[in-house]
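I have placed the structure first, in the form of structure tokens, so that the comments after it can refer back to it.
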Amino acid sequence: MSDTNKTLLRGAQVLGGEPRDVLIEGERIAAVGTGLDADGATVIDAAGQILLPGLVDLHTHLREPGREDSETVLTGTKAAAVGGFTAVHAMANTFPVADTAGVVEQVWRLGRESGYCDVQPIGAVTVGLEGKKLAELGAMHESAAGVRVFSDDGKCVDDAVIMRRALEYVKAFDGVIAQHAQEPRLTEGAQMNEGIVSAELGLGGWPAVAEESIIARDVLLAAHVDSRVHICHLSTAGSVEIVRWAKSKGWRVTAEVTPHHLLLTDELVRSYNPVYKVNPPLRTEADVMALREALADGTIDCVATDHAPHPHEDKDCEWGAAAMGMVGLETALSVVQHTMVDTGLLDWAGVADRMSTRPSAIGRLTGQGRPIAAGEPANLTLLDSAYRGEVNPAGFASRSRNTPYEGRELPGRVTHTFLRGRATVVDGKLA
């Protein structure tokens with residue numbers, strides 16, 4: 001009879017390299033090598049599969065409390081595990097807003113109870129996401145949830161004085177302000193990217209400068225007060241240039257890109273299918289290529305899903321009335337393989353860096369994003385990269401189905417996910 005606390009992954013390609021055996025004992029990796037003794041262990045034949053550190057998402061909407069019809073912490077973390085994630089950062093735009101120690105602790109505790117992945121709450125920057133006065137940043141940091149990242153995501157902190165104060169405040173505990181860069185006056189009534197397609201369709205345009213002007217202001221503010229700013233879901237070639245410039249100055253600026261902005265373009269909006277309606281909007285092919293290059297060269301630090309579940313009725317309507325957002329946890333690694341690995345822009349070690357190591361570092365998570373080595377926490381993802389299959393949302397673990405990839409063939413399938421040595425996904429199914 002096997003010891004359930006011991007698992008041997010036989011012949012896995014660690015970060016896509018030479019086959020190795022990886023022995024897990026309890027919550028940690030006991031050994032990495034060849035011909036390891038499997039005595040008493042559950043053996044998993046991992047030949048030909050890629051072994052990565054457990055993925056970490058800096059940008060997830062779990063919707064609980066308040067919109068449990070879209071997602072709950074339990075269903076969202078199940079979706080995360082299926083996608084290969086061992087930690088997610090839960091955005092603050094819940095009902096009530098996560099702007100107090102009480103609400104962030106509630107989300108953190110629900111995450112611990114779910115057991116499918118670690119849930120690190122993100123606190124709101126301003127009370128009620130209203131952009132008028134700072135929320136209880138210190139109290140949220142000192143709470144059981146230990147919040148280090150703050151964001152009004154879904155809304156921009158557009159007041160420069162409030163943004164400056166927030167950046168100054170979080171310096172005290174090495175926090176970071178994650179900005180949803182969207183100048184509200186430039187995007188009033190906007191429905192999609194401003195450009196040739198919006199002009200032809202007669203839909204209100206969302207100009208690139210609405211994102212770029214806020215990023216430019218905020219990197220300057222971060223430099224001025226010597227604090228950390230993180231740019232959420234960066235989506236334009238111009239935004240890439242601003243972040244590249246800020247980094248060349250040595251300023252404390254990081255940025256993320258979503259899987260959908262690495263693959264999809266505004267041409268899809270010609271279908272008027274609201275599944276393609278998202279904030280920031282899908283941009284042009286030139287933007288997509290600039291984002292891929294920037295992720296490859298490290299200008300963009302990481303991939304973040306911006307997993308935004310919505311109930312059927314919020315998307316099954318005319319374009320103008322539809323909610324913005326897409327689910328992304330269960331397809332993220334496949335999209336990154338398709339856009340970055342299969343194109344030769346990143347190797348698997350690069351994927352581990354952009355989807356685990358760097359997001360963990362930005363969020364200051366300990367125990368996640370660690371090397372695959374003896375003594376490290378056994379947060380691991382095993383991927384069958386040779387797999388090809390059509391995306392079928394009917395089988396999603398998420399409570400919502402608003403994926404833009406339905407029916408599209410994508411590569412790669414997560415076969416196993418381990419959270420501190422315990423399998424949360426086995427043979428592609430929830431444990």
Side-chain angles (χ1 to χ4, degrees), residues 13-18 48-59 83-85 208 230-248 253-268 278 280 282-306 326 328-362 369 372 381 383-389 391 404-405 408-414:
Q13 294 175 254
V14 177
L15 305 187
E18 291 300 310
Q49 297 198 49
I50 310 294
L51 186 64
L52 300 170
L55 307 183
V56 175
D57 190 18
L58 264 176
H59 194 139
F85 291 88
H230 176 74
I231 308 303
C232 294
H233 45 49
L234 182 149
S235 72
T236 77
S239 296
V240 166
E241 290 308 310
I242 296 164
V243 170
R244 188 173 279 135
W245 171 75
K247 287 190 164 194
S248 76
V253 177
T254 54
E256 70 191 29
V257 64
T258 72
H260 48 271
H261 286 113
L262 290 171
L263 180 57
L264 309 176
T265 74
D266 61 354
E267 288 290 335
L268 290 163
V278 67
L282 300 178
R283 304 288 189 182
T284 67
E285 183 73 17
D287 290 312
V288 167
M289 292 305 156
L291 294 172
R292 290 185 188 183
E293 292 290 345
L295 182 64
D297 71 23
T299 300
I300 296 174
D301 296 83
C302 62
V303 175
T305 69
D306 194 7
M326 304 167 168
L329 287 167
E330 294 171 71
T331 49
L333 189 52
S334 289
V335 175
V336 170
Q337 179 181 336
H338 177 62
T339 58
M340 301 299 296
V341 181
D342 293 352
T343 56
L345 287 168
L346 275 184
D347 58 12
W348 287 110
V351 172
D353 179 68
R354 307 303 195 277
M355 295 189 76
S356 184
T357 309
R358 287 216 222 179
S360 296
I362 293 165
I372 299 175
T381 299
L383 175 79
D384 176 3
S385 62
Y387 175 87
R388 295 288 182 278
V391 176
Y405 310 116
R408 187 187 280 252
E409 185 180 275
L410 287 175
R413 180 176 84 100
V414 172

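Just so you know, these numbers use all the heavy atoms, side chains as well, and skip hydrogens, waters and symmetry mates. None of the values given here were measured: they were computed from a predicted structure.
Once rounded to the nearest 0.5 Å, the distance linking SG of Cys232 with CD of Glu256 reads 4.5 Å. In this structure, CG on Leu383 lies 10.0 Å from CG on Leu51, to the nearest 0.5 angstrom.
A donor-acceptor pair shorter than 3.5 Å can be found between the side chains of Asp57 and Thr305. Judged by distance alone, the side chains of Thr254 and His230 do bring a donor and an acceptor atom under 3.5 Å apart. Side-chain atoms of Ser334 and Thr331 form no donor-acceptor pair, as typed in the model, at a separation below 3.5 Å.
Here the side chains of Cys302 and Leu58 are in contact, with some heavy-atom distance below 4.5 Å. Contact annotation: the side chain of Ser385 approaches that of Trp348 to within less than 4.5 Å [non-hydrogen atoms, C-beta and beyond]. Contact annotation: the side chain of Val336 approaches that of Val351 to within less than 4.5 Å [non-hydrogen atoms, C-beta and beyond]. Under the 4.5 Å side-chain criterion, counting only non-hydrogen atoms from C-beta, Val414 is in contact with Leu333. Proximity of Leu282 to Met326: side-chain heavy atoms (C-beta onward) are separated by under 4.5 Å at one or more points. In this structure, Tyr405 and Leu264 have side chains that are in contact, with non-hydrogen atoms separated by less than 4.5 Å.
For His59 and His233, the gap between ring centers is short of 6.0 Å.
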Checklist entry - Run the salt bridge (Lys or Arg N to Asp or Glu O under 4.0 Å) check on Arg292 and Asp297 step by step: do they pass? => result CA-CA 9 Å; Arg292 290 185 188 183; Asp297 71 23; over 6 Å; no

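In summary, of the residues considered (Thr299, Val257, Val240), a side-chain contact (heavy atoms from CB on, under 4.5 Å) with Leu234 occurs for Val240 alone.
Looking at Asp301, its side chain does come within 3.5 Å of a backbone N or O of Ala255 through a donor-acceptor pair. Side-chain atoms of Arg354 come within 3.5 Å of backbone N or O of Leu295 as a donor-acceptor pair. A donor-acceptor pair under 3.5 Å is formed between the side chain of His261 and the backbone N or O of Pro280.
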For residues 339-346, run the donor-acceptor check on the side chains, cut-off 3.5 Å, and write out each pair with its distance to 0.1 Å, sequence neighbours left out.
{"unit_1": "Thr339", "atom_1": "OG1", "unit_2": "Val335", "atom_2": "O", "d": "2.8"}
{"unit_1": "Thr343", "atom_1": "OG1", "unit_2": "Thr339", "atom_2": "O", "d": "2.6"}
{"unit_1": "Thr343", "atom_1": "OG1", "unit_2": "Met340", "atom_2": "O", "d": "3.2"}

